[in-house]
Number of protein chains: 2
Amino acid sequence: MNQVRQTKRTTIYDLAELAGTSASAVSAVLNGNWKKRRISAQLAEKIMRIAEEQGYALNMQASLLRREKSHIIGMIVPKYDNRYFGSIVETFEDMARARGLFPIITCTRRDPQLEVEAARTMLSYQVECLIATGATDPDRITEMCAAAGVRSLNLDLPGALAPSVISDNFAGARELTRRILKNSELRLGKMEPLLFIGGRGSDHNTAERIRGFREAHADLGVAVHEENILACGYAPEKAEKALDERALGGDALPKGMFVNSTISLEGVMRWIRRSGHLDDRSLVLGCFDWDPFVTLLGNGIEMVRQDVPGMLTKVFELIESGANKPVVIQVPPLIPEAQEA
Amino acid sequence: MNQVRQTKRTTIYDLAELAGTSASAVSAVLNGNWKKRRISAQLAEKIMRIAEEQGYALNMQASLLRREKSHIIGMIVPKYDNRYFGSIVETFEDMARARGLFPIITCTRRDPQLEVEAARTMLSYQVECLIATGATDPDRITEMCAAAGVRSLNLDLPGALAPSVISDNFAGARELTRRILKNSELRLGKMEPLLFIGGRGSDHNTAERIRGFREAHADLGVAVHEENILACGYAPEKAEKALDERALGGDALPKGMFVNSTISLEGVMRWIRRSGHLDDRSLVLGCFDWDPFVTLLGNGIEMVRQDVPGMLTKVFELIESGANKPVVIQVPPLIPEAQEA
DNA sequence: CAAGCTTGCTCAATCGATGAAGCAAGAATT
DNA sequence: AATTCTTGCTTCATCGATTGAGCAAGCTTG
């Protein structure tokens, strides 16, 4: 029934026996501080050779149980379905490894229950630090971590109890709005108020972006229409539905739109396509987030690209500095060269 | 200097002392088999209450060290920068959790060295099973796992030593090619041989896709031009460069193209845009892989969407069946409704 | 009422790696 | 020759959770 399968994995005791030495000598050699423990180079070499031959792999659980620090760093992330989070995860893994940490990441699908469970599991794995990315309830996670004596940080969405690293949503949105308005003027000959679509009105980032959106309108002397702010959620279907409803609502939809994420942009583009505006070059769009294909959509869509390496650099600086105060660090997003129309 | 920080994490011994009972009773209660161990409901409730109050979190390292099975399942994945791998990772996490397993995932950036290191680390964490997704050297990983008595599986790219679950690349590519050729006929009035671009000639998937590409041409009586097969790698820049070189190569580029991944498609679209073909509706494209924005690119680009849930279902079936033989299971990809031009 | 059963716990060994403390043999110093 | 130092190991307790074995008290049965 079963294939050939080693009954037991090789341990330092097996290696000690094979080398005719003690387990502690083996341990010292394999974890690299054999010089400190005064093991002869000869024995060290022998042990390393035997370990190699036997395909020995450390039992991390045993090692971690004994050691004081786990060197494990955890991250929870809402989704893997867009470039922003994908790049956060990839960069995080890289930077963690470069610092000798072992990253573990889990996706919580914007589900508060899952977030809490994931955090508890990470604590069980003795993470030294937990990064809550885009968490729906970051403070809950901070509290859990604090109770276990583990430090935590917020990324993308801020919390009140732990340090947070987020994009400068206000400035980014203001600049993006300004650009969309300027494009409107250029392409349509006039500056009309834009539609804001996507995101959750309750989340900090969306609120700040709406603030930037208003400010840019005010700066350019354009009135913002209240019914044109549709914080309908992130999912594409929600954006699509919100546009349907807004379109039924009487007066014509604005030609210019500020779309609050690439995910929402999917819904917006679907709506545009469905409602026959696909070739309507008079649509002037901007998106708070970046995706390579959006550039190629060819409607001259402006994008704001959040500075993922910059944000994670700040995250690791905070970790290394040991700071615990609930500051909010805002990282300016990158705004690529203006798109041609 | 230091913030208030709990010196020590709460253990079952602390809880035992608080409850006036033994550590083994606490352990039995908290891991749920207190009925089996004949602990009274009264004591169980008391212990659970105290554990709650103290914010107790299990030390997984200690627990795993003692137990026979870790319930950890590992996956290595090349990148997080496209929908295919993003969806693999998200679905994998979900399905693993649904089976009571703890998923750990790491990204190896198509770097053989990193793959090996990641595999070794996962073995140290006592994974029960390791899934090598799109690995450059899957057999190397299988060997490492076998030496540790750990089962392994290949996903996306097959290996010779462990069971593999992959897309039916041949059938998918044949159907995609057929569709592109039909679209050519429809839009250009004639069926001209296509250009194949992207992927590595050395990888199994690319080879199979090229085979399907040829077969579809043969079926429709179109000759394939050898210099039109550009397996130039996956990165966008490589596709862009390959097109540049091919364009210099004398005769005109084909109007129809089979692009071997969304990542390569980025490069192709960039090239198209740069070379002024962006509004050229005579271009007829197809892409082996799916991205929501590609639909919206509006050139009627055909896509093949790999059946990620189907593939992972097979993966878990293999795991549960305990099969170890190096079979290759091919999962038919999904081909969405034909795109309008 | 003695023997046996049930209930509800506790004891102690164990998982594998680590590192402080200790020990034996040889080298160096007085 | 006696003392101290150095080298190169080994011994053993430990990390926290798990679990087989065991034990005491109460209950049942003949």
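Throughout, a chain's letter reflects where its sequence line sits, starting with A, and its residues are numbered from 1.
Relative to the side chain of Tyr56(B), the nucleotides dT10(C), dA17(C), dA17(D) differ in distance, and dA17(D) lies closest.
Of the residues in residues 28-39 of chain A, those placing a heavy atom less than 4.0 Å from an atom of DNA chain C are Asn31(A), Asn33(A), Arg37(A), in numerical order. Within residues 15-24 of chain B, the residues having any heavy atom under 4.0 Å from DNA chain D are, by residue number, Ser24(B).
Counting only residues at least two apart or in different chains, ring pair (Phe, Tyr, Trp, His ring centres under 6.0 Å) contacts with residues 10-64 of chain B are absent. Within the structure, ring pair (Phe, Tyr, Trp, His ring centres under 6.0 Å) pairs that include any residue of residues 101-148 of chain B comprise Phe102(A)-Tyr125(B), Tyr125(A)-Phe102(B) (at least two apart or interchain).
At a threshold of 4.0 angstrom between heavy atoms, the contacts of Leu58(B) are confined to the sugar-phosphate backbone, with no base atom among them. Across all strands shown, Ser27(B) has heavy atoms under 4.0 Å from base atoms, whether or not it also approaches the sugar-phosphate. Note on Leu43(B): only backbone sugar-phosphate atoms sit closer than 4.0 angstrom, heavy atoms only; bases stay farther off.
Summarising the geometry, atom CZ belonging to Arg110(B) is positioned 9.5 Å from atom OG1 belonging to Thr136(B); distances are rounded to the nearest 0.5 Å.
Side chains of Thr10(A) and Gln54(A): no donor on one and acceptor on the other come within 3.5 Å. Side chain to side chain, Ser24(B) and Arg37(B) fail the donor-acceptor criterion of an N or O pair below 3.5 Å. With no hydrogens or angles considered, a side-chain donor-acceptor pair links Tyr234(A) and Asp203(A) at under 3.5 Å.
Evaluation of the side chain to side chain donor-acceptor pair (under 3.5 Å) rule for Glu53(B) yields Arg49(B) as partners, not counting sequence neighbours.
When each of Ala57(A) and Ala44(B) is assigned the nucleotide of DNA chain C with its nearest heavy atom, Ala44(B) is the one assigned upstream, toward the 5' end.
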Under 3.5 Å, N/O pairs linking protein and nucleotides 13-15 of chain C:
from: dT14(C); atom 1: O2; to: Arg66(B); atom 2: NE; distance (Å): 3.1
from: dT14(C); atom 1: O2; to: Arg66(B); atom 2: NH1; distance (Å): 3.2

